[in-house]
Amino acid sequence: MLKTIPGFDRIGEENAFAVLARATTLASQGKDIINLGIGQPDFQTPEHIVEAAIKALRDGHHGYTPATGTLACREAVSRRMLTTTGQEISPENIMIMPGGKVTMYAAILMFGEPGAEILYPDPGFPIYRSMIEFTGAEPVPVPIREENGFAFSADETLSLINENTRLLIINSPANPCGGVTPKSEIDKLVAGLEKWPDVAILSDEIYDVMTYDGERHQSLLNYPEIRNRLIVLNGWSKTWAMTGWRMGWSVWPDPLYDKVRKLAVNAWSCVNAPAQMAGIAAIDGPQDAVANMMSAFDTRRKLVVEKMNALPNVSCATPKGAFYAFPNISGTGWKAKQLASALLEEAGVATIGGPDFGILGEGYIRLSYANSEDNIEQAIKRIGEFLGT
Ligand code: PLP
């Protein structure tokens with residue numbers, strides 16, 4: 001019998017990938033499936049970004065780069081951070097990572113061990129909890145409530161911190177609920193964290209520019225008082241429709257930077273050079289494709305909210321960010337995961353059950369509006385018919 005470490009008996013996964021696999025299987029059997037399950041933009045990476053990668057390959061950029069990422073790519077991220085947050089971030093604090101996810105992997109690995117507590121949003125991105133459990137640390141859910149506009153509450157978050165807390169994970173704009181935490185709440189959180197100087201913070205800001213209705217994301221980088229213990233996760237996947245390129249960046253405080261660099265050397269060496277060149281083109285090139293994508297998401301967002309709210313026993317709060325809606329289906333009498341599964345198998349609509357994002361996700365399903373208006377309309381019509389309207 002092979003004996004692996006206990007962490008591998010606890011590690012979880014992302015059910016969104018299982019739903020995608022099932023939806024693909026059903027589609028290959030000839031079933032008509034509309035996918036509102038997947039968390040990736042249904043747009044192609046803009047052409048000038050693709051061209052930059054092709055040119056890099058043709059120009060012979062085939063070798064290793066520094067583990068931290070090329071200086072040119074880190075400088076591009078620094079320019080980007082200045083534009084989006086107004087903060088000067090040194091390239092010496094920036095890591096280029098193979099995707100956004102790898103930053104949470106590295107951060108949780110750095111602080112998680114038996115006896116440690118790590119706070120994470122629930123409902124939230126499922127990998128937070130999975131990785132915390134992998135390390136043997138205690139996962140402590142921070143409730144994300146509909147009545148708070150799906151923003152986290154600073155008071156509630158602070159009340160969960162104790163002397164065992166090593167890391168606090170926050171995410172805004174948020175997956176899966178689409179909430180954007182207001183500046184006032186973040187101000188309060190940062191003020192309260194003064195009492196806990198040994199708690200590190202991981203701020204997942206991967207949806208930073210994906211907000212609506214004039215809502216603005218407040219980066220944690222705007223608080224110099226926590227900079228020495230703040231890790232910021234960001235990347236190219238969502239903003240420039242580059243999920244498959246595996247391109248992320250993160251900002252690390254001085255005391256942690258060399259540790260994450262060494263982890264990179266041990267695990268992935270570096271991110272491939274052409275992808276980094278594409279990343280520079282994404283940051284420095286025209287942003288009209290991003291604006292067009294966001295305008296399409298906004299139209300679809302309104303459509304989802306309007307159509308879902310027209311279904312009896314369903315209510316759908318208006319998401320303020322990302323590209324997900326998190327309708328409340330508790331009035332239908334269905335358990336969320338059963339409903340998501342039945343919608344896929346019987347109505348041909350892929351969604352994700354709320355409990356796949358944490359126990360507080362019961363009573364909700366996640367709809368990704370990374371699909372065409374026609375498909376969204378058709379999908380919600382099918383959901384309505386399935387629910388018997
Ligand atoms: N963080 C959040 C909140 C996400 O929703 C996702 C992807 O869905 C990620 C991180 C990971 O992004 P990437 O695909 O770049 O690893």
Side-chain angles (χ1 to χ4, degrees), residues 68 74 77-95 97 100 103-104 106-112 116-121 124 128 132 137 140 142-144 148-149 151-174 179-209 211 215-235 248-261 321:
T68 52
R74 287 182 286 120
V77 170
S78 176
R79 286 193 290 282
R80 171 77 181 173
M81 297 277 81
L82 185 62
T83 314
T84 54
T85 68
Q87 299 295 323
E88 300 258 6
I89 308 294
S90 162
E92 304 295 305
N93 291 99
I94 293 168
M95 280 289 297
M97 306 289 264
T103 294
M104 70 184 76
I108 295 169
L109 215 53
M110 250 181 225
F111 292 100
E117 295 184 16
I118 299 184
L119 273 57
Y120 70 100
Y128 303 139
I132 297 167
V140 180
V142 174
I144 305 297
N148 286 347
F152 57 81
S153 143
D155 286 337
E156 198 166 15
T157 307
L158 291 164
S159 75
L160 293 167
I161 299 181
N162 63 42
E163 57 287 349
N164 298 322
T165 309
R166 301 281 288 281
L167 178 67
L168 161 65
I169 304 174
I170 58 174
N171 170 224
S172 175
V180 177
T181 303
K183 177 176 180 301
S184 54
E185 212 56 27
I186 297 179
D187 288 349
K188 209 197 248 186
L189 178 74
V190 173
L193 282 171
E194 210 181 309
K195 266 204 271 155
W196 301 102
D198 298 330
V199 174
I201 303 130
L202 169 62
S203 181
D204 183 341
E205 306 189 0
I206 199 147
Y207 297 101
D208 60 347
V209 295
T211 57
E215 199 73 39
R216 269 185 66 89
H217 159 70
Q218 175 71 356
S219 173
L220 272 276
L221 288 168
N222 288 308
Y223 300 84
E225 60 272 46
I226 53 164
R227 191 70 75 73
N228 64 348
R229 51 187 168 127
L230 172 67
I231 303 158
V232 174
L233 179 162
N234 209 322
W249 76 73
S250 36
V251 178
W252 294 79
D254 293 337
L256 302 182
Y257 192 75
D258 206 48
K259 296 187 198 296
V260 66
R261 182 191 64 77

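Quick note: numbers below take in every heavy atom, side chains included, and nothing from hydrogens, waters or symmetry partners.
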Heavy-atom closest contact ([X] atom, [Y] atom, distance):
X	Y	result
V209	R80	CG1-NH2, 3.5 Å
N234	E205	ND2-O, 3.3 Å
V199	R229	O-NH1, 2.8 Å
H217	P173	ND1-CD, 3.5 Å
S219	T85	CB-CG2, 3.6 Å
R216	T84	NH2-O, 4.2 Å

How about [X] and [Y]: do any of their side-chain heavy atoms sit closer than 4.5 Å?
X	Y	answer
N93	D254	yes
E156	P143	yes
M104	D204	yes
E185	S153	yes
Y223	D187	yes
I89	L82	no
I161	V140	no

Measure the spacing between [atom1] of [X] and [atom2] of [Y] and express it to the nearest 0.5 Å.
X	Y	atom1	atom2	value
L160	L168	CG	CG	9.5 Å
L233	M95	CG	CE	12.5 Å
I231	S250	CD1	OG	8.0 Å
F152	L119	CZ	CG	11.0 Å
N164	N162	CG	CG	4.5 Å
N171	S203	CG	OG	8.0 Å

Would you say the side-chain atoms of [X] pair up with the backbone N or O of [Y], donor to acceptor, closer than 3.5 Å?
X	Y	answer
S172	T181	yes
R166	I118	no
Q87	N222	no
S78	S90	no

Applying ring pair (Phe, Tyr, Trp, His ring centres under 6.0 Å), name anything that partners W252, two or more places apart in sequence or on another chain.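 Counting only residues at least two positions away or on another chain, W252 forms no ring pair (Phe, Tyr, Trp, His ring centres under 6.0 Å).
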Y207: partners by ring pair (Phe, Tyr, Trp, His ring centres under 6.0 Å), with sequence neighbours left out: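 For Y207 the ring pair (Phe, Tyr, Trp, His ring centres under 6.0 Å) partners, ignoring immediate neighbours, are F323, Y324.
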Worked verdict on L256 versus F111 for side-chain contact (heavy atoms from CB on, under 4.5 Å): CA-CA 11 Å; L256 302 182; F111 292 100; 3.9 Å; yes
One pair to check against side-chain contact (heavy atoms from CB on, under 4.5 Å): V260 and T103. What are the steps and the verdict? CA-CA 9 Å; V260 66; T103 294; over 6 Å; no
What's the verdict on side-chain contact (heavy atoms from CB on, under 4.5 Å) for V251 and V77, showing C-alpha distance, side-chain angles and the deciding distance? CA-CA 9 Å; V251 178; V77 170; 5.7 Å; no
Pick out which of L230, I201, T157 makes a side chain to side chain contact (heavy atoms under 4.5 Å, CB included) with L193.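 Of all the options given, the one that passes is I201.
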